[in-house]
There are 2 protein chains.
Amino acid sequence: MQSHEAKRPRAPEVTQRERDDAVWRALADRNRREILDLLGGEPRTTGGLVDSFPHLSRTAVMKHLDVLERADLLIVRREGRVRWNQLNPIPIEQIHERWVAPHVRRMASALLRLKGQVEKKAAQKTRTKINPRRKR
Amino acid sequence: MQSHEAKRPRAPEVTQRERDDAVWRALADRNRREILDLLGGEPRTTGGLVDSFPHLSRTAVMKHLDVLERADLLIVRREGRVRWNQLNPIPIEQIHERWVAPHVRRMASALLRLKGQVEKKAAQKTRTKINPRRKR
DNA sequence: TTCATATGTCACCCAATGGTGACATATAAA
DNA sequence: TTTATATGTCACCATTGGGTGACATATGAA
């Protein structure tokens with residue numbers, strides 16, 4: 001029955017790898033990131049979003065919404081002639097966990113190691129000054 | 001003298017906004033993300049990296065390195081006829097802090113709120129079962 | 001019913017992107 | 001000095017991406 005999986009009708013031959021790629025590509029554009037920012041609070045209608053981007057045509061905004069929806073970053077609900085667009089933060093959380101966070105963690109631990117070394121060096125220097133030509 | 005700033009020779013009129021955009025665009029490509037993964041450990045020579053991507057031409061890899069360097073994700077050091085490429089994780093940490101983390105945090109707190117409501121509902125139901133038709 | 005509004009879709013344009021092979025240059029090794 | 005190796009650079013190609021206006025459709029309001 002796969003209710004909420006309607007978007008991948010018969011062959012979910014989309015690997016996680018491909019889904020992540022779609023997310024990264026969707027996030028590469030600043031306008032799309034700003035759309036997601038706007039949707040961070042509450043869902044908005046397409047028209048409402050269009051009004052928030054005066055420098056873009058309606059068609060352009062809808063294309064961006066399409067890209068976001070394909071990347072599964074959007075949950076779309078139709079209500080009469082209105083379309084409500086809601087942020088789906090899960091894919092963001094996923095690229096965070098799988099790629100961003102590991103790099104940030106690695107950087108943090110590298111900094112810690114470096115800090116330790118610098119402090120050791122500083123301590124040695126101090127010792128040398130106070131008591132020169134010591135054991136080593 | 002601006003030693004390490006040689007890449008922006010005279011007009012560093014690059015806003016932070018533009019720098020972030022460059023980082024996002026650089027990260028949008030899977031091959032480039034994999035290059036950064038490889039550089040997560042130790043620096044590598046260009047040739048070494050090329051060997052790690054058998055399905056890509058040397059020119060293609062160098063183009064990717066160029067994109068990464070422009071996004072300031074790479075620290076490049078030349079040594080004889082060899083070029084050492086090192087990861088600079090700072091821009092990653094920055095887009096993390098400015099964009100990814102806020103969204104992840106928002107999602108987390110939304111989940112918490114939701115959890116609280118569900119538990120309240122559940123508690124009410126239980127109470128109702130145990131002691132039906134109570135105050136409300 | 002008639003009309004205005006919200007959205008969907010199409011065809012087209014131009015710039016940017018990712019890829020290639022060929023050629024040029026500099027440096028370590030023989 | 002000659003030769004092999006590691007990079008740098010150029011010109012070119014095909015595809016994708018972001019943008020547009022014009023037209024089509026559906027639905028709430030008058």
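The model shown is predicted, which means the values in this text are computed figures rather than measured ones. Values reported hereafter were calculated over all heavy atoms of this structure, with side chains retained and with hydrogens, waters and symmetry mates removed. Each chain gets a letter, A, B and so on, in the order the sequences are listed, and its residues count up from 1.
For B:A110, the side-chain contact (heavy atoms from CB on, under 4.5 Å) partners at least two apart in sequence or on another chain are B:R113. Taking the salt bridge (charged side-chain N to carboxylate O under 4.0 Å, His left out) definition, one finds that A:R70 meets it with A:D66, sequence neighbours left out. Partners of B:D29 under the side-chain contact (heavy atoms from CB on, under 4.5 Å) rule, at least two apart in sequence or in another chain, are B:N31, B:R32, B:H64. Residues passing the side-chain contact (heavy atoms from CB on, under 4.5 Å) test with B:A71, sequence neighbours excluded: B:A22, B:V23, B:A26, B:L73. For B:T45, the side-chain contact (heavy atoms from CB on, under 4.5 Å) test picks out B:V82, B:W84, with sequence neighbours left out. B:R30 is linked by a side chain to side chain donor-acceptor pair (under 3.5 Å) to A:D21, counting only residues two or more places apart in sequence or in another chain.
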Table please: side-chain donor-acceptor pairs of residues 93-105 of chain B below 3.5 Å, with sequence neighbours left out.
{"from": "B:H96", "atom 1": "NE2", "to": "A:H96", "atom 2": "NE2", "distance (Å)": "3.2"}
{"from": "B:R98", "atom 1": "NH1", "to": "B:D20", "atom 2": "OD1", "distance (Å)": "2.7"}
{"from": "B:R98", "atom 1": "NH1", "to": "B:D20", "atom 2": "OD2", "distance (Å)": "2.9"}
{"from": "B:W99", "atom 1": "NE1", "to": "A:D37", "atom 2": "OD1", "distance (Å)": "3.0"}
{"from": "B:H103", "atom 1": "NE2", "to": "A:D37", "atom 2": "OD1", "distance (Å)": "2.9"}

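Think of the region where chain B sits on DNA chain D: with heavy atoms and a 4.0 Å cut, that region ends 5' and 3' at D:dA4 to D:dC10.
The stretch residues 33-46 of chain B touches DNA chain D through B:T45, B:T46, each having a heavy atom under 4.0 angstrom from the strand. For the segment residues 54-64 of chain A, the set of residues with a heavy atom within less than 4.0 Å of an atom of DNA chain D comprises A:H55, A:L56, A:S57, A:T59, A:A60, A:K63, A:H64, in numerical order.
For residues 38-60 of chain A, no residue pair satisfies the salt bridge (charged side-chain N to carboxylate O under 4.0 Å, His left out) rule, not counting sequence neighbours.
Of the two residues contacting DNA chain D, namely B:R83 and A:G80, the nearest-nucleotide position lying further toward the 5' end is that of B:R83. A residue-by-residue look at A:R32 and B:V76 shows that B:V76 has its nearest nucleotide of DNA chain D further toward the 5' end.
Through direct or relayed side-chain contacts under 4.5 Å between Ile, Leu, Val, Met, Phe, Trp and Tyr, B:L112 connects to no other residue.
In this structure, the side chains of B:I92 and A:M107 stay at 4.5 Å or more apart for every pair of heavy atoms.
B:F53 places its CZ atom 18 Å from the C1' atom of C:dT20, with the value rounded to the nearest Å. A straight line from CD of B:E79 to P of C:dA26 spans 19 Å, rounded to a whole angstrom.
Contact check, A:R25 against C:dT17: no side-chain N or O comes under 4.0 Å of OP1 or OP2.
Side chain of A:E18 to backbone of A:T15: a donor-acceptor contact under 3.5 angstrom is found.
Residue B:R30 is classed as having no contact, given no heavy-atom separation below 4.0 Å to the nucleic acid.
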